[in-house]
Structures are given as structure tokens and as C-alpha cells.
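The analysis underlying the following values was restricted to heavy atoms, covering all of them including side chains, and did not include hydrogens, waters or symmetry mates. The sequence lines fix the lettering, A, B, ..., with proteins before strands; numbering per chain opens at 1.
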Amino acid sequence: MFPYPSAEGLHVGNMYAFTGSDVFGRFMRMKGKDVFEPIGLDGFGIHSENYALKIGAHPAKQAEISEKRFYEQLHMIGNAYDFERTVETYKPDYYKWTQWLFIRLFKAGLAEKKKAEVNWCPSCKTTLADEQVINKLKVKSEKLKVEASPEVRLGGERGGVCERCETPVEKKELEQWFFRITIYADRLLKGLSRIDWSEKVVLAQKNWIGRSEGARIRFSVLGSQLSANSQSASLLTGQQKTDKLNTENRQQKTDNWSIEVFTTRPDTLFGATFMVLSLKHGIVASLLSSKFKVQSSKLEEVREYVEKSKKKTGLGLDAPDKAKEGVFSGLYAINPATNENIPVWISDYVLMEYGTGAIMAVPGHDRRDFEFAKKYELPIKYVLEKPKSADDKIECWDSQGKIIDSGDWTGWDSEKDFHKILNFLEEKKIGKRELRYHLRDWLISRQRYWGAPIPIIYCCNCWESKLKIKNEKLKIEYGKDYIKIDGKEHAIVPVPEKDLPVVLPFVENFKPLGTGVAPLAQDEEFVNTKCPNCDSPAKRETDVCDTFLDSSWYFLRYLATDSDKVPFPSKSWENPKSEIRNPKQIFRASSFELRASAKRAVWLPVDMYIGGAEHSVLHLLYARFITKALFDLNYLDFDEPFTKFRAHGLLIKDSAKMSKSRGNIVNPDEYIASFGADALRCYLMFLGPYEQGGDFRDSGIEGMERFLKRVKRLVESQSNNVAEQSSIEVKKAVDKAVKGVGEDIESLRYNTAIAKIMTLTNVLYESRGKISKDSLKTYILLLAPFAPFMTEELWERLRLSKIDTDKSADIHGSKNSRKSFAWSVHAQPWPKYDEENITEEIVTIAVQVNGKLRSVLSIKYQVSSREEVESLAREDERVKKYLEGKEIKKVIFVPRKIINFVVNND
RNA sequence: GCCGAGGUGGCGGAAUGGUAGACGUACAGGACUUAAAAUCCUGUGACCCGUUUGGGUCGUGCGGGUUCGAGUCCCGCCCUCGGCACCA
């Protein structure tokens with residue numbers, strides 16, 4: 001994962017991540033793979049801009065400074081980056097293609113502007129995607145306690161905080177650009193089984209996508225006391241989609257009002273003893289608009305409750321751990337299973353955002369419903385057998401089990417007969433099965449300056465002239481719909497691809513305005529443009545793209561950094577499938593370029609991706625979505641971007657997360673300056689299991705420096721004193737290390753890999769003077785991925801040493817081989833080992849009596865038959881003691897490991 | 001509340017069901033040195049017995065279980081960290 005360049009410089013956490021990737025890359029190169037290890041900077045977006053704001057710099061100028069500093073540091077850490085193919089997301093030659101991507105998605109109907117209740121960060125003064133609102137309830141940031149107003153604080157406690165600045169997020173109704181990632185919910189879920197990713201990330205994504213299978217069930221509302229006009233009918237259900245349906249069925253429905261609910265537990269339908277509506281449910285609004293004849297006293301109560309709730313948080317919702325409150329609506333519905341009349345309540349514990357905004361409450365088997373029922377003394381009915389393990393006192397259980405007291409379903413199993421129940425509901429036309437996902441559309445517009453301008457133009461003339469006539473046609477060409485600006489309809493016209501990039505102008509006052517409008521709106525020259533369609537005056541979109549859009553496709557760009565004709569390599573450019581409208585025309589690229597691009601496409605998808613797990617439902621999800629969309633548009637022939645992904649652990653300091661406020665941030669520069677990059681790299685890789693992270697300690701890096709010096713001394717002294725042949729101990733130790741280190745690196749167990757090199761070092765120290773040049777070389781090669789600088793130096797030294805029987809010494813001085821790097825330690829193949837050397841000649845066998853260690857035998861490998869070992873063990877003095885006068889019931893023998901005598905204990 | 005990961009010496013951490021504590025740190029002792037640093041070597045889980053060689057008991061968060069044998073597998077808890085969360 002490429003970093004975002006904070007101007008404070010490379011964080012040691014960055015270096016931890018990058019070194020882990022680099023070790024793997026170098027190892028794979030030595031294993032004969034063709035390795036491309038790219039680097040770039042994710043410098044667009046809120047994080048960079050916030051920093052600029054803080055220090056009072058302009059983000060564009062700050063970007064230059066950060067870039068310089070970051071690349072300097074990235075050069076120092078010793079990674080095998082290809083610095084000729086870097087990408088910087090904030091440069092026009094990059095964001096041109098981010099904009100291209102936007103337009104492509106727009107034309108495919110995957111980008112839309114719509115009005116919705118969105119997350120608004122009052123500090124960053126912009127909207128945020130759901131994924132960028134984090135740690136609901138959990139982050140007890142100082143800001144939450146100190147800075148936020150009580151109202152915001154409540155909202156924050158419930159609604160979470162901004163991923164960037166930890167400010168509690170508010171909700172606002174705004175018109176925003178969304179990517180329709182929800183269309184891909186199912187495929188994003190299913191694709192997870194085809195990729196080799198860290199399990200925790202897979203789980204986090206599954207969780208986030210949140211598939212739930214259940215039923216939509218319709219409850220009739222007792223109509224006798226209602227007389228509504230047909231206008232309000234559509235308000236009866238919560239959702240727009242069903243509104244349309246209801247309008248169509250208006251005639252039938254006037255006498256038969258209904259509330260629809262979504263439930264994942266249709267098996268408990270018989271236990272539904274009341275219903276609860278969200279505050280924002282259509283029926284609540286209808287009630288209050290007095291179109292219903294409900295007892296006036298009830299109506300007043302409802303009005304009072306709704307107003308009170310709304311005031312409470314500004315949103316009408318409470319934190320989940322607060323006592324649930326509600327009010328009876330005065331309405332009754334009919335439980336379609338029991339035909340009983342059940343009361344309809346209104347409460348803020350039901351969310352409009354999920355399901356239908358109404359629930360069937362089953363207090364016997366849902367804790368929230370139970371709490372509510374207890375408080376308002378509503379009836380509780382049990383329709384599932386109480387689990388045997390349950391406490392006697394327990395009054396509510398949400399387990400699966402045998403269904404009871406439920407008509408035809410009595411005796412069924414809630415879990416096994418789930419589909420039977422769904423079928424039953426469908427047959428009886430009570431409800432129908434439904435799949436729901438938690439995932440919501442990706443809000444990608446930001447009311448900020450430092451981002452890629454959304455490449456859209458709004459044209460009033462287009463809408464008024466042509467479009468009124470050929471409305472349908474326009475929808476096809478421009479995606480869909482129109483938006484209103486100053487009360488007038490404007491057609492949404494994407495910027496033609498030949499006009500890309502829409503360059504982000506230099507705006508002196510780039511600060512976020514906080515009015516819901518981006519700073520670019522102040523730039524008249526930018527805003528006012530000509531419609532590419534009809535040439536009449538038009539206005540540009542002034543919001544910019546979410547920075548996560550920049551990074552959702554960057555890995556594709558690395559292989560085409562030299563092309564301004566194609567965004568990324570693709571076989572489709574050369575050999576367009578019918579669905580693509582002639583990409584040659586789009587890009588006007590030469591056939592040579594297209595062929596080169598097709599050739600490079602074989603590098604994709606990414607074979608190994610390493611990064612932080614904090615991007616589980618951010619970057620890693622977005623990149624998968626964008627890849628799938630590009631696959632569907634035939635630009636890519638794969639639909640998962642990263643074949644293998646491994647999340648590295650978190651690097652902490654003094655058992656706490658590194659943060660500015662704690663003042664425990666480690667600056668790699670200082671350590672590189674005093675210990676060298678090699679020592680820091682090795683230490684980072686050694687301090688704990690890479691996928692778990694670890695604690696950074698100064699004494700640790702000192703030890704690593706000591707170790708590297710020890711290696712250096714050893715190699716330097718022994719290279720002038722090499723043996724013809726290594727002693728058998730040396731050979732064995734070296735071969736064992738080759739095997740072990742290789743296996744460890746392959747599975748990212750860098751800490752134990754280094755430990756094995758240390759063990760080998762200790763053996764070599766004992767065997768000074770008995771080490772051959774080949775053994776020394778192998779030794780250096782093992783360390784090469786971890787300590788690239790020092791091993792190169794030692795390699796060179798060894799090659800030049802006087803006593804040299806190796807032909808490769810001739811290479812020195814040859815310009816060609818220098819250029820091809822064949823001389824380099826990093827261009828050498830990973831050493832091989834002799835299996836025979838791995839097997840020990842002398843094995844130690846533990847002798848146990850009743851599972852307790854009593855003695856250890858050293859036995860020749862060949863002498864490994866059960867009988868031989870057993871008789872040797874019986875003769876052992878220490879063992880004899882325990883066997884004397886005892887009856888041996890059994891002897892367990894594991895070849896080359898253990899022999900265990902089982903005896904009577906009395 | 002749900003879903004993950006984890007809990008092992010003073011510390012960071014090793015251990016395909018088979019000698020727990022590899023490797024490193026820290027500490028102690030020795031060698032080298034006028035001395036210190038650096039380096040090299042040795043020791044180091046706790047407790048008990050033995051003047052020494054040595055021997056023994058206990059020991060991987062807690063309580064059970066499976067097994068000849070459990071850090072590792074199973075059941076029930078406790079704690080820490082991470083993710084999700086009135087998602088119906």
C-alpha cells in the first residue's frame with residue numbers, strides 16, 4: 001500500500017509495512033520471480049489538506065515539500081522500489097484518469113447524484129462515506145469530551161466520529177454524488193472466497209457487507225378507525241420503492257392498510273405481540289398531518305414524543321445502551337399468523353435507515369423488544385423452546401430451536417426449517433423472502449479543495465431544449481436524470497474525455513467553507529464554462545472526489561506511468577470486446593502503445609499486497625469494487641485486484657499506539673542516522689510476528705546493531721581465512737538455516753527467520769576457520785533480504801578476497817554485468833540445501849515415565865528401531881529408578897522423538 | 001451484545017499433541033584492558049534438597065475434560081486488544 005505523505009515525514013509504521021513487503025519481494029526475486037515493487041504517494045485528499053491547514057500552508061505547495069521529503073526517506077530505507085514508475089495521485093497526469101474512471105462509471109449508471117441523509121464532519125466541513133465514520137461509541141476522544149457541544153456530543157456518541165479528525169459526525173440531508181457499490185454487494189461477498197487474504201480482513205468485509213436473509217411480511221392495519229384520503233396512502237410504508245407499488249394498488253388498499261416489516265426471524269412470527277415504527281416512518285408523518293382520525297389524546301402524545309425525541313439529538317435517535325422509550329400510536333395491526341390484533345408503537349429504537357423502518361416486535365426472543373415490552377407492559381409470548389443451558393430466570397432468549405405454540409409450525413426447527421417457513425409465507429401470501437445488505441452506497445463527493453474535481457458540467461440549456469423532447473435518449477447518453485440549481489433543471493453532462501483532466505485551479509482561499517459548498521465554487525473562472533454538448537453557458541460541479549477514489553485504482557497505473565494515452569495496461573485496448581466502444585478512438589493511442597499495454601497486462605492482478613488492516617472496509621473494499629466495475633466494463637480481465645493480501649500487525653511503543661498526543665512517535669530518520677537502515681529494518685522484522693505487530697524498543701535496535709556488527713566481523717575475518725571445505729557442523733547448520741529461513745520468509749514469519757540466522761551465526765562463530773567460501777556466501781544470501789546494504793558490501797568483499805576459486809570473480813570490471821546487476825548479492829538465486837544435511841545423525845530422544853521427562857538419550861539416527869531404543873532407555877540409570885518394581889503396562893514410541901513408559905503407580 | 005485475535009521468564013517473543021521458554025534483550029560472572037567502552041566466553045523460569053557433581057517439585061490467564069503425554073485439542077469462565085453494533 002502506498003503511503004499518504006504527511007509532511008512530518010515517513011512514520012516508522014510506514015517503514016514497518018514497507019520493509020515487510022520488501023523482504024518478501026527481494027526473497028521472491030531470489031527465488032527466480034520477476035518482481036516489480038512499486039511506490040507512489042497518495043497525496044490528494046483531506047489528510048494532506050488538513051495538515052496544510054494546520055501549518056498554514058497551501059496544500060499544493062505543501063505537496064511539493066512532502067513529496068521531496070518522502071522520496072528522500074523512501075530512498076534511504078533500502079527498498080527495491082522502481083523509482084522510475086512512481087505515481088502521485090495529486091498530479092494532473094494521474095487524476096486525469098481518476099476523472100476518466102468517474103465518467104466511465106457515470107456512463108455505466110454506477111455514479112449518481114442523489115439527495116440523502118449523509119455524514120457531515122463539522123470540523124473537516126465535508127460529507128463522508130459511511131466507511132469513513134469510525135468507532136461508533138468507542139472513541140472517547142478528547143475532542144468529544146472537550147470541544148463538542150452537548151448536542152453534537154450526543155450525535156457523536158451515536159453516530160461515530162470522523163476517520164480523519166475524530167470529530168463527532170453529524171447527519172445532514174444533502175444532494176451528493178454516490179457510487180452504487182450496493183449493486184455489487186453480493187459479488188463483493190462471494191468474491192471473498194476466491195482470494196487468499198488475511199482472515200480478519202475477509203471477516204471485516206463480510207461483516208460490513210452484512211448480508212441477511214429473511215422475509216418481508218405485511219401486517220394489515222385495522223382500518224375502521226381511520227379514514228385517510230388517497231393522497232396519504234403512499235406514506236403508509238417507509239420506502240420509496242414500495243411507495244410506487246402502493247400507489248398502483250391504491251384502490252385495493254384504501255380499505256386494507258398495511259405495514260411492511262423485514263425480519264430475519266420469520267420463525268418467531270407467532271410471537272409478534274406488537275409492532276414498532278421508526279419516528280421517520282410515513283405513517284407517523286401521516287398521523288401528525290391529521291389525515292387520520294385517531295383519538296385526539298393519542299395524537300397529542302405522539303406529537304409530543306416525536307418532537308421531544310427530535311430535539312434530544314437533533315436526529316430523533318438515541319444511543320443503543322439507553323433505555324428505550326416510545327409511544328402508542330393508537331393504531332392496531334393484525335398479526336397475519338395469529339390473526340390477533342396487536343398495538344402499533346412508535347419508538348426511536350427502530351431505524352428508518354434499515355429494513356422498512358418498521359418492525360414486528362417479538363419480546364420473547366429479542367432483547368430490545370423485550371426491554372420495550374417490559375417498560376410498557378406489553379404482552380410477551382414464547383414461540384421457541386427455552387434452551388436447556390439457559391438460566392431459570394431468563395425471560396428472553398434469541399436462540400434457535402424447536403418452535404412451539406405456532407400453529408402449523410409447531411414442532412419445526414427454527415434453523416433447519418427456515419426455508420420451509422419462508423415457502424409457507426410465500427404460499428399464503430403473507431410475505432416473501434428477501435435478502436438485505438448492510439453495505440450502503442459510497443458517497444464520493446467532498447466539499448473540499450484538495451482533490452480531483454468531479455468532471456461534470458451542469459447545463460440548463462441542454463435540459464430545456466433538447467432534453468425535454470428527447471428525454472429518454474438523454475438518459476441513455478448521460479447516465480440519468482437532472483439536478484436543480486437555483487430552482488432550475490440542469491442536465492448532467494460529463495466532461496468529454498478529450499477535455500480531461502479538469503485541472504484543479506490554484507485557489508488562494510482553499511479553506512473549507514462549511515456551507516455545504518466546496519471552495520472551488522468561489523472561482524468564477526472555474527465554475528463558469530461552456531457546455532460541451534450545446535456550447536451554451538454552463539456550470540461545473542465544484543465538489544472534488546474522495547481521496548479513496550484516487551487510491552482505488554492506483555495499482556493499475558504503475559504499469560502505464562509512461563503513457564498519457566491509456567490509464568492502465570489492458571488487453572482490451574488492443575483487442576476490444578464488442579461491449580467497449582472502440583477504445584482506440586477514445587485514447588487515440590498508437591497500435592504500438594496498445595500492444596505494449598496488452599503485454600504489461602500480464603502483471604495484473606497484484607500477486608502479493610501487504611498493508612494495514614485498518615483499510616479493511618475502506619481502501620480494500622473500494623479497490624475491489626472498482627476492479628469489478630472495470631471488469632464489467634471489459635477494461636480488465638480479472639475482477640479481484642489483489643490475489644493475495646496480508647495485513648501486517650500494529651507497531652506500538654510502550655504498549656500504546658503511537659500518536660502525536662502521546663508523544664511516542666518514532667521517527668525512523670534518527671534511527672537510520674545512528675544505527676543504519678539495515679539495523680532498523682532487521683529490528684522491525686524481528687520485534688514480533690509480522691502479522692501481529694509488536695512493541696518498538698530502543699534496547700532492541702541496539703541488540704540488532706550488535707548482531708549485524710557481529711556478522712560483519714565474522715565474514716570479514718573468515719573471508720581472509722576460508723577453508724577448502726566446511727566442517728560437517730557448518731554444512732549442517734547452513735543447510736538447516738537455508739531451509740528454515742526460506743520457509744519462514746515465505747510465510748511472513750520474519751522474526752523467526754532472523755532468529756535462525758542468529759543461531760547460524762552462533763554456530764559459525766564456534767567454527768571459525770572451518771568455513772568454506774560457499775558457506776559464507778550462503779550465509780550472506782540468507783541475510784540479504786533483511787539487510788540489503790551490508791550484505792551487498794560483504795558480498796563484494798568476499799568476491800574480491802584473495803583466495804577465490806570462484807569464476808564469478810571475473811565478472812568484476814565487466815561493464816555489462818555491472819549494468820545488469822548480475823554481480824549484486826540481490827541478483828543471486830536463493831541458495832539450495834542438501835536434504836541429507838538436514839537430517840541429524842545424532843538424535844536426542846526424550847525418555848518419559850508416565851509422561852514425565854526422566855532422561856534424555858543421544859542415539860545415532862540409524863539406531864532408531866523401537867527395540868533398540870527401548871533397551872537403551874531401560875538401561876539408563878535415571879530411568880531405572882522409576883521402573884524398578886513397577887509393572888510396565890505400555891510403551892509409547894515416537895521415532896526420533898520420544899519413548900514413554902506407562903507404569904502402574906502404586 | 002455479536003465476530004475475530006491474543007494471554008508463556010524481568011522484558012520482546014519461540015515451540016507439526018512429544019525435552020516449554022529457541023532467538024534476542026536485561027542482569028550476573030569471567031577473559032582481554034592501567035581502566036572503561038567495545039568484544040569474546042559462561043550462567044540466568046520459580047521453589048526445594050544437596051558443601052560440590054547432582055536430584056526433585058511446581059510452572060504457559062482461571063476451572064474442568066480428552067490423552068501414555070496438553071501452551072497446543074474439547075467444554076465452561078476471566079482479562080487485554082481489534083472490528084461491528086438499537087441491522088430487526
Side-chain angles (χ1 to χ4, degrees), chain A residues 134-138 158 160 199-208 210 212 214 261-265 268 272 276 278 317-322 324 347-351 353-362 366-369 371-372 389 398 436-438 613-614 616-617 649-650 652 655 657 683 686-689 691-704 706-707 709-710 713 749 751-762 765-766 844-857 878 881 889-894 896-903:
Chain A
I134 53 153
N135 275 351
K136 310 195 173 183
L137 282 176
K138 218 170 181 187
R158 196 208 76 261
E199 207 176 337
K200 59 175 171 178
V201 174
V202 170
L203 280 164
Q205 290 211 356
K206 272 187 188 163
N207 230 331
W208 186 257
S212 45
V261 301
F262 173 72
T263 178
T264 54
R265 295 300 301 268
T268 61
V276 188
S278 161
L317 289 166
D318 248 326
D321 51 353
K322 281 198 181 146
K324 305 192 184 334
S347 172
D348 58 7
Y349 88 87
V350 174
L351 301 175
E353 289 79 28
Y354 190 79
T356 61
I359 61 158
M360 61 178 217
V362 185
D366 182 286
R367 261 199 46 212
R368 297 154 303 180
D369 297 344
E371 270 175 52
F372 197 77
S389 57
D398 55 9
R436 284 199 164 264
Y437 297 92
H438 164 245
E614 69 272 16
S616 296
V617 294
L650 198 64
I652 58 176
S655 3
K657 206 171 165 175
Y683 175 60
F686 183 66
L687 53 68
E691 293 183 69
Q692 266 174 51
D695 208 337
F696 189 97
R697 284 156 66 242
D698 284 1
S699 62
I701 190 167
E702 282 162 22
M704 190 53 73
R706 209 174 301 159
F707 166 69
K709 280 183 178 165
R710 197 167 141 87
R713 270 196 305 275
R749 294 191 309 258
N751 56 333
T752 50
I754 291 175
K756 279 166 188 158
I757 300 173
M758 287 171 166
T759 307
L760 173 61
T761 306
N762 293 340
Y765 255 87
E766 285 165 24
T844 49
I845 293 186
V847 185
Q848 299 182 337
V849 178
N850 282 352
K852 285 199 172 176
L853 182 72
R854 294 304 174 191
S855 182
V856 174
L857 297 174
R878 279 168 295 186
K881 259 192 342 200
K889 287 163 71 183
K890 204 173 173 186
V891 179
I892 311 283
F893 176 67
V894 182
R896 295 183 288 283
K897 286 241 163 95
I898 205 161
I899 185 159
N900 186 14
F901 295 95
V902 186
V903 301

### Message
Please check: side-chain N/O of Arg697(A) versus main-chain N/O of Leu687(A), any donor-acceptor pairing under 3.5 Å?
### Response
no
#### Entry: Pairwise P distance for C11(B) and A46(B), with rounding to whole Å
12 Å
### Query
Which whole-number value in Å describes the distance from Phe901(A) CZ to U67(B) P?
22 Å
### Query
Rounded to whole angstrom units, what separation is found between the CD atom of Glu702(A) and the C1' atom of U39(B)?
16 Å
### Query
Under 4.0 angstrom, heavy atoms only, what part of the nucleic acid is Leu687(A) near: base, sugar-phosphate, or nothing?
sugar-phosphate
### Query
Between the side chains of Asp698(A) and Tyr683(A), is a donor N or O closer than 3.5 angstrom to an acceptor N or O?
no
### Proximal nucleotide (of U39(B), G83(B), A22(B)) relative to the Ala755(A) side chain
A22(B)
### Query
If you look at every heavy atom in Ile899(A) and Ile845(A), which pair is closest and at what distance?
N-CG2, 4.0 Å
### Query
To the nearest Å, how far apart are Lys200(A) NZ and C81(B) P?
15 Å
### Query
Taking the chi torsion of G9(B), is it syn (within 90° of 0) or anti (everything else)?
syn
### Query
Between C62(B) and G9(B), how far is it from one P atom to the other, in whole Å?
10 Å
### Query
Can you tell me how far C1' in U8(B) sits from the matching atom in A70(B), rounded to whole Å?
14 Å
### Query
Per the atom types in the model, does the base of C84(B) pair as donor or acceptor with the side chain of Asn207(A) at under 3.5 Å?
no
### Query
What nucleotide, of G13(B), U19(B), A88(B), holds the atom closest to the side chain of Pro689(A)?
G13(B)
### Task
Classify the ring geometry between Tyr354(A) and Phe262(A) as parallel (under 30°), tilted (30 to 60°) or perpendicular (over 60°).
perpendicular
### Sugar-phosphate only, base, or nothing, as touched by Lys897(A) at under 4.0 Å among non-hydrogen atoms
base
## Note on the structure
Of Lys756(A) and Val894(A), the one whose nearest nucleotide on RNA chain B sits closer to the 5' end is Val894(A)
### Query
Touch check for Thr844(A), heavy atoms < 4.0 angstrom, all strands: base, sugar-phosphate only, or nothing?
base
#### Entry: Nearest-Å distance once atom P is located in both G10(B) and C47(B)
10 Å
### Ile359(A) to Val261(A) - nearest heavy-atom pair and separation
C-CG1, 3.5 Å
### Task
Could you check whether Gly210(A) gets within reach of a base, just the sugar-phosphate, or nothing at all, counting any heavy atom under 4.0 Å?
nothing
### Query
Counting side-chain heavy atoms from CB outward, which of U25(B), A88(B), C84(B) is closest to Trp208(A)?
C84(B)
### Message
Using the C1' atom as the point on both nucleotides, what is the distance between C40(B) and C32(B), in whole Å?
### Response
8 Å
### Task
Could you work out which one of G83(B), G4(B), G56(B) sits closest to the side chain of Arg854(A)?
G56(B)
### Task
Between A15(B) and G7(B), how far apart are the P atoms? Round to whole Å, please.
12 Å
### Query
Just to confirm, is there a sub-4.0 Å distance from OP1 or OP2 of A22(B) to any side-chain nitrogen or oxygen of Asn762(A)?
no
## Note on the structure
Out of U19(B), A26(B), C11(B), minimum distance to the side chain of Arg706(A) belongs to A26(B)
### Task
Would you indicate, yes or no, if C40(B) has its OP1 or OP2 atom less than 4.0 angstrom from a side-chain nitrogen or oxygen of Arg713(A)?
yes
### Task
Round to a whole Å and report the spacing from CZ of Phe707(A) to C1' of G12(B).
17 Å
### Query
Which pair of heavy atoms, one from Gly357(A) and one from Val350(A), lies closest together, and at what distance?
O-CG1, 3.6 Å
### Heavy-atom closest pair, residues Met758(A) and Met704(A)
CE-CE, 3.8 Å
### Query
With respect to the side chain of Phe686(A), which nucleotide from A85(B), G12(B), C68(B) is positioned closest?
G12(B)
### Query
Rounding to the closest angstrom, what is the interatomic distance between G12(B) and G21(B) at atom C1'?
13 Å
### Summary
From the candidates C23(B), G56(B), G13(B), the one with an atom nearest any side-chain atom of Asn751(A) is G13(B)
### Query
Are the side chains of Met360(A) and Thr268(A) in touch, meaning some heavy atoms are under 4.5 Å apart?
yes
### Task
Specify the separation, in whole Å, of atom CZ of Arg710(A) and atom P of U39(B).
10 Å
### Message
Without decimals, in angstroms, what is the distance between Asp366(A) CG and G1(B) P?
### Response
15 Å
### Task
For Gly851(A) and for Ser212(A), locate the closest nucleotide of RNA chain B by heavy-atom distance; then report the residue assigned to the nucleotide nearer the 5' terminus.
Gly851(A)
### Query
If you check every side-chain atom of Ser699(A), which of U25(B), U19(B), G83(B) has the closest atom?
U25(B)
### Query
Is any side-chain N or O of Lys852(A) under 3.5 Å from a base N or O of U57(B), one able to act as donor and the other as acceptor?
no
### Query
Among the nucleotides C40(B), C68(B), U19(B), which one has an atom lying closest to any side-chain atom of Tyr765(A)?
C40(B)
### Nearest-angstrom distance from the residue atom CZ of Phe893(A) to P of C68(B)
19 Å
### Task
For G82(B) and G64(B), measure between their P atoms and round to the nearest Å.
32 Å
### Task
For Ile845(A) and U19(B), give me the distance from atom CD1 to atom C1', rounded to whole Å.
12 Å
### Query
For the side chain of Arg878(A), counting heavy atoms from C-beta on, which of G55(B), G24(B), G83(B) is nearest?
G55(B)
